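Shown next, in structure tokens, is the structure this report addresses.
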Amino acid sequence: MMTPQEYVDLHPLTTFRVGGKARYFVEAKTEEDICEALRWAKDRSTKVFVLGGGSNVLFSDSGWDGLVIKIELCDLADMGEGRLRVGAGTLLHSAVECAKDHGYGGIERLAGIPGTIGGAVRGNAGAFGAETASAVTSVRALDRETFRVREYSREECEFSYRMSIFKKHPELVVLSAVLSLAPGQSPDDLEKTMRETIATRETKHPQRLLCAGSFFMNPVVSDASLRREFELDTGMPVKDDKLPAGWVIDHVGLRGKEVGGAKVSDIHPNYIINTGTATAESILILTSIIKQKVRTEANVRLREEVQMVGF
């Protein structure tokens with residue numbers, strides 16, 4: 001019989017290192033564990049939050065007055081012919097390493113992205129032109145309301161920019177994913193690409209700092225003059241009418257802006273850093289200032305990529 005822990009600190013479980021306590025907390029290492037935890041919560045009319053790697057989430061300072069289920073499904077199996085079945089709790093980087101060891105190419109440019117496969121699928125994580133969706137063949141997910149498990153094809157996952165059906169429908173809990181990759185690749189060449197990718201990520205922003213990566217999604221900008229200004233400023237073409245959120249934040253003069261230990265990165269303005277004394281409230285105030293100023297001065301609406309929980 002599952003017995004959740006009580007009043008568990010959440011801040012060590014996130015890359016921001018802020019947030020309060022979970023009223024109840026359990027680690028789920030099997031699908032049965034997840035179902036048992038969900039039934040426990042349902043019997044008590046307790047709300048549930050499903051936590052992955054904690055790399056794209058901001059818990060409030062008051063925490064979560066319900067049950068947090070941390071997904072620890074960490075199985076990783078080679079199915080042959082370039083296919084891997086990966087449990088939702090497996091770190092994305094571990095999957096990239098496993099693919100490299102088997103000579104499977106296709107996800108090496110996802111190296112260094114923090115978080116789990118479950119989170120990467122849910123948010124279609126990506127970097128440097130590579131996205132998780134491109135490697136996914138199918139996803140196994142649990143409907144936490146009906147307790148039914150279903151396999152979703154890639155088309156049924158409804159992937160788009162930082163989006164999937166699992167993000168649109170929080171009742172769907174990702175259990176595992178099958179990745180289809182290109183077999184017969186040189187592990188040495190894949191490792192070289194991984195190292196280069198990680199090095200590039202480091203030049204974009206030090207990965208050791210306390211943050212959640214890109215805080216806002218890149219916005220679609222209808223203002224042609226602003227898009228032209230971006231191209232003149234950076235020498236880069238605009239793709240799909242989207243501008244990097246970091247460039248827009250810098251454009252309105254908020255690079256380095258600080259509120260109570262929460263700071264807009266001097267290096268990458270779409271990164272909000274906990275300098276060591278930030279609280280969830282100070283991060284929320286800073287991001288509200290950013291959204292307001294970007295809306296007022298650039299007529300651009302920013303939307304959070306980071307999941308806000310307990311506010």
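All of these numbers come straight from a predicted model, not from anything done at the bench.
Trp247 has its side chain out of reach of Met236: every pair of non-hydrogen atoms, C-beta onward, lies at least 4.5 Å apart. Side chains of Asp78 and Cys98 form no contact here, defined as non-hydrogen atoms less than 4.5 Å apart. A heavy-atom distance below 4.5 Å is not found between the side chains of Ser94 and Glu97. Within the 4.5 Å cutoff, side-chain heavy atoms of Ser176 are placed close to those of Arg140. Put simply, the side chain of His102 does not reach to within 4.5 Å of the side chain of Arg83, judged on heavy atoms. At a threshold of 4.5 Å between non-hydrogen side-chain atoms, the residues Ile34 and Leu175 count as touching. When side chains are defined from C-beta on, Phe216 counts as touching Ile290, because their heavy atoms get closer than 4.5 Å. Residues Leu243 and Leu226 are in side-chain contact: their nearest non-hydrogen atoms beyond the backbone lie under 4.5 Å apart.
Taken to the nearest 0.5 Å, the OG1 atom of Thr116 stands 10.5 Å off from the CZ atom of Arg122. Within the model, atoms CD of Glu108 and CG of Leu181 stand 8.5 Å from one another, a figure rounded to the nearest 0.5 Å. Distance CE/Met194 to CG/Leu110: 10.0 Å, rounded to 0.5 Å. To the nearest 0.5 Å, atoms CD1 (Ile273) and NZ (Lys263) are separated by 6.5 Å. How far CD of Glu155 is from CD1 of Ile165: 12.5 Å, rounded to the nearest 0.5 Å. Note that the OG1 atom of Thr15 and the CG atom of Asn56 stand 7.5 Å from one another [nearest 0.5 Å].
Heavy-atom neighbours of Arg44 CZ from other residues, nucleotides or ligands within 6.0 Å: above the threshold of 12. Heavy-atom contacts from other residues, nucleotides or ligands closer than 6.0 Å to NZ of Lys29 number 12 or fewer. Counting non-hydrogen atoms of neighbouring residues, nucleotides and ligands closer than 6.0 angstrom, the CG atom of Asn299 reaches no more than 12 such neighbours. The local environment of CZ in Arg150 is crowded, with over 12 non-hydrogen atoms from other residues, nucleotides or ligands closer than 6.0 Å. The local environment of CD in Glu281 is sparse, with at most 12 non-hydrogen atoms from other residues, nucleotides or ligands closer than 6.0 Å. Annotation for Arg144: atom CZ counts as buried by contact number, over 12 foreign heavy atoms lying within 6.0 Å. Counted within 6.0 Å of CD on Glu6, heavy atoms from surrounding residues, nucleotides or ligands total more than 12; the atom is thus considered enclosed. Atom NZ of Lys192 has 12 or fewer heavy atoms from other residues, nucleotides or ligands within 6.0 Å.
Checked by atom type and distance alone, the side chain of Thr90 pairs as donor or acceptor with a backbone atom of Asp75 at under 3.5 Å. In this structure, Asn218 contributes its side chain and Ala245 its backbone to a donor-acceptor pair below 3.5 Å. Listed for the Lys167 side chain is a donor-acceptor partner under 3.5 Å among the backbone atoms of Arg162. The main-chain N or O of Gly261 is found under 3.5 Å from a side-chain atom of Thr275 such that the two form a donor-acceptor pair. Formation of a donor-acceptor pair under 3.5 Å by the Lys70 side chain with backbone atoms of Gly52 is found in this model. Listed for the Asp241 side chain is no donor-acceptor partner under 3.5 Å among the backbone atoms of Val220. Between the side chain of Asn124 and the backbone N or O of Ser164, no donor-acceptor pair lies under 3.5 Å. Between the Ser282 side chain and the Ala278 main chain, no donor and acceptor come within less than 3.5 Å of each other.
Between Tyr271 and His268, the two ring planes are tilted [angle within 30° to 60°].
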- Item | Full working for salt bridge (charged side-chain N to carboxylate O under 4.0 Å, His left out) between Arg85 and Glu151 | CA-CA 12 Å; Arg85 179 175 286 279; Glu151 195 98 4; 3.7 Å; yes

- Step-by-step side-chain contact (heavy atoms from CB on, under 4.5 Å) determination, Val50 to Val48: CA-CA 7 Å; Val50 177; Val48 171; 4.3 Å; yes

- Candidate pair Leu179 and Tyr104, rule side-chain contact (heavy atoms from CB on, under 4.5 Å), full reasoning: CA-CA 10 Å; Leu179 308 181; Tyr104 297 162; over 6 Å; no

- Query: Going through the checks in order, is the side-chain contact (heavy atoms from CB on, under 4.5 Å) test met by Cys35 and Arg39?
  - Reply: CA-CA 6 Å; Cys35 289; Arg39 288 194 175 92; 3.5 Å; yes

- Step by step, work out the side-chain contact (heavy atoms from CB on, under 4.5 Å) result for Lys291 and Glu304. CA-CA 9 Å; Lys291 290 175 70 176; Glu304 291 86 356; 2.9 Å; yes

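A ring pair (Phe, Tyr, Trp, His ring centres under 6.0 Å) with Phe59 is found for one member of Phe16, Phe49, Trp64 and no other, namely Phe49.
In this structure, Leu67 and Ala41 approach most closely via the heavy-atom pair CD2-CB, 4.0 Å. Shortest non-hydrogen contact noted between Ser55 and Gly115 is OG-CA, 3.4 Å. Of all the heavy atoms in Ala22 and Val68, the pair that sits closest is CB-CG2, 3.7 Å. When every heavy atom of Arg154 is checked against every heavy atom of Ala133, the shortest pair comes out as CD-O, 3.2 Å. The two residues Ile272 and Cys211 have their closest heavy-atom pair at O-CB, 3.2 Å. The minimum heavy-atom distance between Leu84 and Ala95, with the atom names listed, is CD1-O, 4.1 Å.
Hydrophobic clustering places Phe311 together with Leu302 (ILVMFWY residues linked when any side-chain heavy atoms are closer than 4.5 Å, directly or through intermediates). No continuous path of ILVMFWY side-chain contacts below 4.5 Å connects Met217 to Leu254, so the two sit in separate hydrophobic clusters. The cluster map of Ile, Leu, Val, Met, Phe, Trp and Tyr, joined by side-chain heavy atoms under 4.5 Å apart, puts Val86 and Met79 in different clusters. Residues Val121 and Leu142 are members of separate hydrophobic clusters, defined by side-chain heavy-atom contacts under 4.5 angstrom among Ile, Leu, Val, Met, Phe, Trp and Tyr. Cluster annotation: Leu10 and Val8 are assigned to the same hydrophobic cluster (Ile/Leu/Val/Met/Phe/Trp/Tyr, side-chain heavy-atom contacts under 4.5 Å, transitive).
The pair Asp250-Arg255 meets the salt-bridge criterion, since a charged nitrogen lies less than 4.0 angstrom from a carboxylate oxygen. Look at Lys47 and Asp65 and you find no salt bridge, because none of the NZ, NE, NH1 or NH2 atoms lies under 4.0 Å from a carboxylate O. Taking 4.0 Å as the cut-off between side-chain N and carboxylate O, Arg227 and Glu231 do not count as a salt-bridged pair.
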